[in-house]
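A short worksheet on the structure shown next.
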Amino acid sequence: MRVVVIGSGGREHALVRALAESPSKPLLWAVPGNPGIFQHAQPTGFDNPLDAESLIAFCRESEIDLVVVGPEAPLAAGIADALRLEEIPVFGPSQAAARLESSKWYAKRFMERYSIPTARWKSFTIDEVDEARQYIDSCEVPVVIKADGLAAGKGVIIASTRREAVSAIERMFSGSFGDAGKRIVVEEFLWGEEASVFAICDGTDYVLLAPAQDHKRLYDGDRGPNTGGMGAYAPAPIVTADLLAEIERSIVAPTLQGMITENAPFVGCLYVGLMIAEGKPYVVEYNARFGDPETQSVLEVFRGDVARLLYSAARGRLDRTAIEATAAGWSCTVVLASKGYPGSYESGFPISGIEQAQQYARVYHAGTALGADGRLITAGGRVLDVTSHAATLAEAIKQCYRAVECLRFENIYYRTDIGTRALRTQHLLEEGS
Ligand code: AMP
Ligand code: GLY
């Protein structure tokens, strides 16, 4: 099998690694890729992940069997539609199906139409500032303000006072989020614990991978601003077998069915971001692709043939025999970021210690580059993702931090508490059973 992976982050490095280790042994290419990804894949000769024309030409010349799309931007721009028109199998939803992620307003109305549990909400356009202000007066705080469109994880503000909420709304409408902020969704704040569930979908059928938990806040103790994700672990003990069954029944199955009714069947990885509130699951967000950094952990506990699984889904015939186990052991991922992220940060610092770290865990490249002298340097907000595997969650966390301590670059920042809350949950669940 000949596979092209689109993307250049830690998620794509993990996907490429898992594809490379698939028993079906695919040959791999990546666009634009990164130095870690190019340990397993070859470059395509073009660098723009939105360039459908070059991609199609490359797929034809190189007899590509499958394109796997990592990030949301190419999906929202319709890259999967362009490939399907040319009959090139692609793991990733159409532009219409990717609206579950690219428009929060669409996602909210979708959930309403199909009775999928989510927070109460109201939406306002840029011409309805006064109405939005009035509405805030009637809301409990905290209240959540979301830009409708894609905003690279920065379009969600949790306002703890009404005044903060109004100023967030004014900021969004003032153009600081570009077109993404021309419409906003104001949403009730849900108290609870978050979990992410990934469904590999072929349009009608699906299979769930191990549930994971992301750590979105920048600082230890889940404080500070939201980021793309500072760490993750899988499986997430909060998602018990009963809860997973409830998530399938009330959320995943009706979502796939709903997308068929909308004439936009979902092919790809449906990411369901959940809040578990008083034991019940609510959708906080949909994404139309694998999560980053959850994927690093989820694929670590997966056993089977990822290439065969994604290929079968892309062809509309999900092959469950490609899976031996979705949750073998435990995995923990810690993100090593540049100080300043998710705001501005400096890049270009040499990275060392990868070989030593690899004694304990995998080291995925998220934002790295090769400097002029060929040395590996930092080149992004999230720089490296360290992913461990062990027989227990406690051991996976320990291994992961052992590896983290080997890694060095200037302005390194990471959370020191990834997974620790899960240990407490696990302990409580065990005590209760
Ligand atoms: P989103 O991009 O919609 O996933 O929002 C980013 C993050 O904001 C989520 O992962 C949650 O941590 C938080 N969040 C979003 N919506 C809510 C909500 N209704 N209640 C509580 N937290 C939320
Ligand atoms: N980790 C959250 C995301 O991928 O959106």
Side-chain angles (χ1 to χ4, degrees), residues 7 9-12 14-15 69-73 75-76 98 100-108 111 117-123 139-160 165 168 172 177 180-181 184-198 211-218 222-234 236 268-278 280-299 333-335 337 342 366 381-382 385 415 418 421:
R11 164 186 51 209
E12 288 78 19
L15 276 165
V69 187
E72 61 276 18
L75 295 168
L100 282 178
E101 173 169 6
S102 64
S103 169
K104 303 233 185 244
W105 185 47
Y106 173 81
K108 281 300 208 182
M111 287 185 267
T118 187
R120 279 195 298 268
W121 65 286
K122 237 174 148 41
S123 126
C139 287
E140 304 261 333
V141 283
V143 61
V144 187
I145 318 289
K146 300 184 174 184
D148 174 41
L150 291 180
K154 293 177 188 155
V156 174
I157 289 166
I158 296 165
S160 44
M172 283 188 189
F177 288 86
I184 57 163
V185 169
V186 179
E187 196 173 284
E188 159 200 28
F189 181 86
L190 295 171
W191 297 92
E193 197 164 338
E194 283 185 75
S196 317
V197 168
F198 298 169
Q213 195 174 54
D214 186 8
H215 294 60
K216 285 219 169 71
R217 300 297 195 97
L218 183 61
D222 294 321
R223 290 172 305 112
N226 263 325
T227 68
M230 294 301 296
Y233 57 85
C269 178
L270 177 71
Y271 170 128
V272 188
L274 298 161
M275 190 68 80
I276 314 300
E278 286 162 14
K280 289 258 170 243
Y282 297 84
V283 177
V284 170
E285 64 168 335
Y286 286 115
N287 288 323
R289 36 105 191 145
F290 284 101
D292 190 348
E294 296 100 314
T295 300
Q296 290 80 318
S297 279
V298 168
L299 292 180
T333 297
V334 173
V335 174
R382 293 191 286 183
D385 306 323
R415 276 182 61 164
I418 302 301
R421 200 169 45 169

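Every number for a ligand or one of its atoms is a count from 1 in the order of the listing. All figures in this text were calculated on a predicted structure; none of them were measured in a lab.
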Could you tell me if the side chain of [Y] sits less than 4.5 Å from the side chain of [X], heavy atoms only?
X: His215; Y: Asp222; result: yes
X: Cys139; Y: Phe189; result: no
X: Lys104; Y: Val156; result: yes
X: Ile418; Y: Thr333; result: no
X: Asn226; Y: Arg217; result: yes
X: Glu12; Y: Phe290; result: no
X: Ser160; Y: Val141; result: no
X: Tyr286; Y: Met111; result: yes

Atoms of ligand 1 close to [X] [distance to a heavy atom under 4.0 angstrom, numbered from 1]:
X: Glu187; value: 16 (N), 17 (C), 18 (C), 19 (N)
X: Val144; value: 16 (N), 17 (C), 18 (C), 19 (N), 20 (N)
X: Asn226; value: 7 (C), 8 (O)
X: Met275; value: 21 (C), 22 (N)
X: Lys146; value: 3 (O), 15 (C), 16 (N)

Once side chain to side chain donor-acceptor pair (under 3.5 Å) is applied, do any residues pair with Lys146, and if so which ones, sequence neighbours excluded?
Glu187
Identify, by atom number and element, the atoms of ligand 2 in contact range of [X], meaning under 4.0 Å from any of its heavy atoms.
X: Gly291; result: 4 (O)
X: Asp214; result: 1 (N), 2 (C)
X: Glu294; result: 1 (N), 2 (C)
X: Gly228; result: 1 (N), 2 (C)

Of Leu100, Leu190, Val272, the one forming a side chain to side chain contact (heavy atoms under 4.5 Å, CB included) with Val283 is Val272
Any N/O of Lys216 closer than 3.5 Å to an N/O of ligand 2?
no
Evaluate Asn287 for polar contact with ligand 2, using N/O atom pairs at a separation under 3.5 Å.
yes
Where's the contact between Tyr271 and ligand 2, heavy-atom distance under 4.0 Å: side chain, backbone, both or neither?
side chain
Is it the side chain, the backbone, both or neither of Arg11 that has a heavy atom closer than 4.0 Å to ligand 2?
neither
Say whether Asn287 and ligand 1 are in contact under the criterion: heavy-atom distance to a ligand atom below 4.0 Å.
no
Assess Lys104 for proximity to ligand 1: is some non-hydrogen atom of it under 4.0 Å away?
yes
Shortest protein contact, atom 3 (C) of ligand 2 (heavy atom only):
Arg289 NH1, 3.5 Å
Asp148/Lys108 salt bridge by N-O under 4.0 Å criterion:
no
Give yes if a backbone or side-chain nitrogen or oxygen of Ala119 is under 3.5 Å from a nitrogen or oxygen of ligand 1, and no if not.
no
Closest to atom 12 (O) of ligand 1 (judged by heavy-atom distance), picking from Glu194, Lys216, Glu101
Glu194
Relative to ligand 1, is Leu190 under 4.0 angstrom through side chain, backbone, both or neither, heavy atoms considered?
both
Under-4.0 Å heavy-atom contact with ligand 1, by part of Ile158 that carries it
side chain
CZ of Arg223: more than 12 outside heavy atoms within 6.0 angstrom?
yes
